[in-house]
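Below, read A as the first sequence line, B as the second, and so on, with proteins coming before strands; counting in each chain starts at 1.
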Number of protein chains: 2
Amino acid sequence: MSSVTIKDIAKLAGVSHTTVSRALNDSPLINPETKERIKAIADSLNYAPNYSARSLVLDRSYNFGLFFSTLHKGTSAGFLYEAIKGVNDVIKDQFNLIVRGIDDYKSFHNVNRKSFDGLIVMSQSASDQPFIEYAAQIDIPLVVLNRPLDSVKVMNLVPDDQSGAFRVVEHLISRGHRDIAIIEGKAGFKSTEARRDGFREAMSRYEVPVRDEWIVRGNYDLESGHAGMIVLLDLPERPTAVFCSNDDMALGAIKAVTERGLRVPEDISVVGFDDHLFSSFMTPALTTVRRPIEEISRVGAMKLLSFIEKKQVEKSTVYFHTELVIRDSVKTITGGTN
Amino acid sequence: MSSVTIKDIAKLAGVSHTTVSRALNDSPLINPETKERIKAIADSLNYAPNYSARSLVLDRSYNFGLFFSTLHKGTSAGFLYEAIKGVNDVIKDQFNLIVRGIDDYKSFHNVNRKSFDGLIVMSQSASDQPFIEYAAQIDIPLVVLNRPLDSVKVMNLVPDDQSGAFRVVEHLISRGHRDIAIIEGKAGFKSTEARRDGFREAMSRYEVPVRDEWIVRGNYDLESGHAGMIVLLDLPERPTAVFCSNDDMALGAIKAVTERGLRVPEDISVVGFDDHLFSSFMTPALTTVRRPIEEISRVGAMKLLSFIEKKQVEKSTVYFHTELVIRDSVKTITGGTN
DNA sequence: CTGAAAGCGCTAACAG
DNA sequence: CTGTTAGCGCTTTCAG
């Protein structure tokens, strides 16, 4: 039961272990017949290479790190799911997919070229800036997804949140809304800013005034959307539409509306951002913006793979198109501008 | 920039690399002063051990495999999320958490003691039976979560789906329902059977007749819940309550009800299973059963950890309590039995 | 308390 | 086409 090595095979085949190594690695300079013979023996012995030994000599770990800002707080299930799915689809079983929360590290020392052939950072907040800078500095093949970086030069794949937010707010305006509120995302998240900027851009482009009391803070979770909507509903002058910075908060917001005996979209319109799996099944189905996390992850994994193979990295920022998804949570107000 | 080894440290410290190794591993038989000196040098050099080398000699990989039946189909985002969170919380950074879909393997050869110190299989269907049998046979520390096994003897941690289903159906009955339908889960999943059994158990215990046309198939996704409810709604005689075998299907089912201009729970009651994160925020908030995946994963990881440390495995089946969560999706029918 | 030497399993010159 | 030899970085006897 104890594991078989190339030496065992060598003995049985009557050759040197070097020949076995070459045969198993499909070296061209080896007799096709002996190669087959060796492979047959290896098969019959259920030989599996010792990756630690191979890693040691080849200086490759066969590890692919997928690092999230955190695994405890702020990461939504759908987000984790799409990212893992996207990356896994690409690497299959050529690499080990190692999932990590950056905030689980006390020290980054053990994150290095020896332990990881490459790193994908799924960045959700500026909190992982030190890690990204560390990774960039040790010169490990690296791809940073989701959060646009300014300082560090790396391969950076990000959704175009701002234009997505712009389009969904533009959509509200086109349906005749002029009293539009925003429930913002978590403070410090770049996406929070980008979505707010898209909101403001649309408002100013169409010359719709922004009212301070209609800007409320959230933190991307259900509860904060719920709480935020209550604040808005309690205002003397209510908005007719609310842009929630993600779908989770939109769900919480709609709950708050319902609890007051009001209805979406009849009494107040609500839009979200992300297009979660459940968003089309809510009542009403949620108008939102689709952020292609799975696609970004897939492309990120492919890029990283090619960096590793070519032993050379590119550095650039690539934006991925976000898409307005129109459903039933927005009411058309007569006298609309469109 | 090229990485520093214990030999480099040895040279600087004026000792042998053996001594460095011992110092860094906190061997007791070493002079405390030299130990400190060596550690200081190691720190200043940013030394990080080469895990491939250490693995080779120690015959440990530091890899912890978390294997799902599939990563493509059938695994819900929340499920993946809770499992990863639970396991990660336990192993922190002592191990690499390697996430895998069993159906991504062409051959299991590379899953062995050399590559993994231990395995957690999050089993969702009988399709991974061959894998589990393989793992049991190579005698690797192993824990199987979520799906109850009959043949193989391993450490098996599972939610008590049947009693959960029993309790939620009992709840329907206690609220006066006697016309109760079920939308079943994916065929071939053990959980589908267990929940069906709990349903039947409650029905027979309280002597409520089960009607064939009120048993409809689903496959655990939103769409199938939607489709299943349409079938039920089109029946000449409708049930007053529907037990959906998971929350995703309940969401789809409620959508179908709403589309018909009917309301939950006024016109028809709906309950689910799983207690997804969003279930309390649906309208109406969903009555369901909580399945403690995160807890099961956490306990599973702890067990596996101890197997690895003690170099000895236990084999038994442990059930985890599922919990009825009462919310607003069930109407009380007057003349109820309770 | 410390060092010399061996070896984990594998690949890669270098010779033939 | 094949074998000999060395060595990847680390831990562990075995001697001092």
Side-chain angles (χ1 to χ4, degrees), chain A residues 1-39 41-42 45-63 96 109-110 112-117 311, chain B residues 1-39 41-42 45-63 96 109-110 112-117 311:
Chain A
M1 202 68 235
S2 129
S3 47
V4 6
T5 73
I6 52 173
K7 286 187 184 170
D8 301 324
I9 300 174
K11 218 160 285 172
L12 285 178
V15 297
S16 75
H17 71 278
T18 312
T19 303
V20 175
S21 170
R22 283 198 270 250
L24 263 22
N25 287 307
D26 271 327
S27 159
L29 28 82
I30 210 133
N31 187 316
E33 283 158 32
T34 46
K35 185 189 286 188
E36 284 319 308
R37 194 159 51 86
I38 289 171
K39 284 191 171 184
I41 297 178
L45 258 41
N46 274 328
Y47 169 77
N50 183 322
Y51 275 88
S52 298
R54 182 181 279 179
S55 291
L56 180 57
V57 54
L58 290 183
D59 204 24
R60 311 233 295 92
S61 63
Y62 301 96
N63 286 164
N96 292 318
H109 275 163
N110 284 325
N112 52 47
R113 261 244 215 51
K114 300 272 180 237
S115 294
F116 295 93
D117 288 346
K311 296 177 196 298
Chain B
M1 202 68 233
S2 132
S3 48
V4 4
T5 74
I6 53 172
K7 286 186 184 171
D8 300 323
I9 299 174
K11 216 161 286 173
L12 284 178
V15 296
S16 76
H17 72 279
T18 311
T19 303
V20 175
S21 170
R22 281 198 271 250
L24 262 23
N25 287 308
D26 273 327
S27 159
L29 31 81
I30 211 130
N31 187 317
E33 282 159 33
T34 47
K35 184 188 286 187
E36 285 318 308
R37 195 161 50 88
I38 289 171
K39 284 192 170 181
I41 297 177
L45 259 39
N46 275 327
Y47 169 77
N50 183 322
Y51 275 88
S52 299
R54 182 180 282 179
S55 292
L56 179 57
V57 53
L58 257 28
D59 205 23
R60 314 232 294 92
S61 64
Y62 302 96
N63 285 163
N96 292 318
H109 274 164
N110 284 326
N112 52 48
R113 262 246 214 51
K114 300 270 180 241
S115 294
F116 295 94
D117 288 346
K311 296 176 197 299

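Looking at the side chain of B:Val15, the nearest of the listed nucleotides C:dT11, C:dG3, C:dG9 is C:dG3. When each of D:dG3, C:dT2, C:dC10 is scored by its nearest atom to the side-chain atoms of A:Ser16, the top-ranked nucleotide is D:dG3. Side-chain proximity of B:Thr18 to the nucleotides C:dC10, D:dG3, D:dT13 is greatest for D:dT13. Comparing D:dT13, D:dT2, C:dT11 by their closest approach to the side chain of A:Arg22 singles out D:dT2.
What separates NE2 of A:His17 from P of C:dC8 is a distance of 11 Å, to the nearest Å. B:Arg60 places its CZ atom 17 Å from the P atom of C:dG9, with the value rounded to the nearest Å. Atom CG of A:Leu58 is separated from atom P of D:dC8 by 14 Å (rounded to the nearest Å). In this structure, the CG atom of B:Asp26 is 14 Å from the P atom of C:dC1, given to the nearest Å. Taking atom OH of B:Tyr62 as the reference point, atom P of D:dC10 lies 12 Å away to the nearest angstrom. As rounded to whole Å, 10 Å separates atom P of D:dC10 from atom CG of B:Asn25. Following rounding to the nearest Å, B:Asn31 (CG) and C:dC1 (P) show an atom-to-atom distance of 6 Å. One interatomic measurement links the two molecules: OH of A:Tyr51 to C1' of C:dG9, which rounds to 14 Å at whole-angstrom precision.
Between B:Tyr47 and D:dC10 there is a side-chain N or O to OP1 or OP2 distance below 4.0 Å. Considering only side-chain N and O atoms, A:Ser52 lies nowhere under 4.0 angstrom from the phosphate OP1 or OP2 of C:dG9. At the phosphate of D:dG9, neither OP1 nor OP2 sits under 4.0 Å from any side-chain N or O atom of B:Arg54.
Checking A:Ser52 against A:Ser55 by side-chain atom types alone, no donor-acceptor pair falls below 3.5 Å. A donor atom on one side chain and an acceptor atom on the other are not found under 3.5 Å apart for A:Ser21 and A:Thr18.
Residue contacts for B:Ser55: at a heavy-atom cut-off of 4.0 Å it reaches no nucleic acid atom on any strand shown. As judged by a 4.0 angstrom heavy-atom cut-off over every strand, B:Ile6 is placed among the base-contacting residues. Contacts of B:Leu29 with the nucleic acid, taken as non-hydrogen atoms under 4.0 Å apart, include base atoms.
Side-chain N or O atoms of B:Asn96 include none that pairs as donor or acceptor with a backbone N or O of B:Asn63 at under 3.5 Å. Under the 3.5 Å distance criterion, the side-chain polar atoms of A:Arg37 are matched with a main-chain donor or acceptor of A:Ala13.
Residues B:Ser21 and A:Leu56 each lie close to DNA chain D; by heavy-atom proximity, the contact nearer the 5' end of the strand is made by A:Leu56.
In this structure, A:Asp26 and A:Lys39 have side chains that are in contact, with non-hydrogen atoms separated by less than 4.5 Å.
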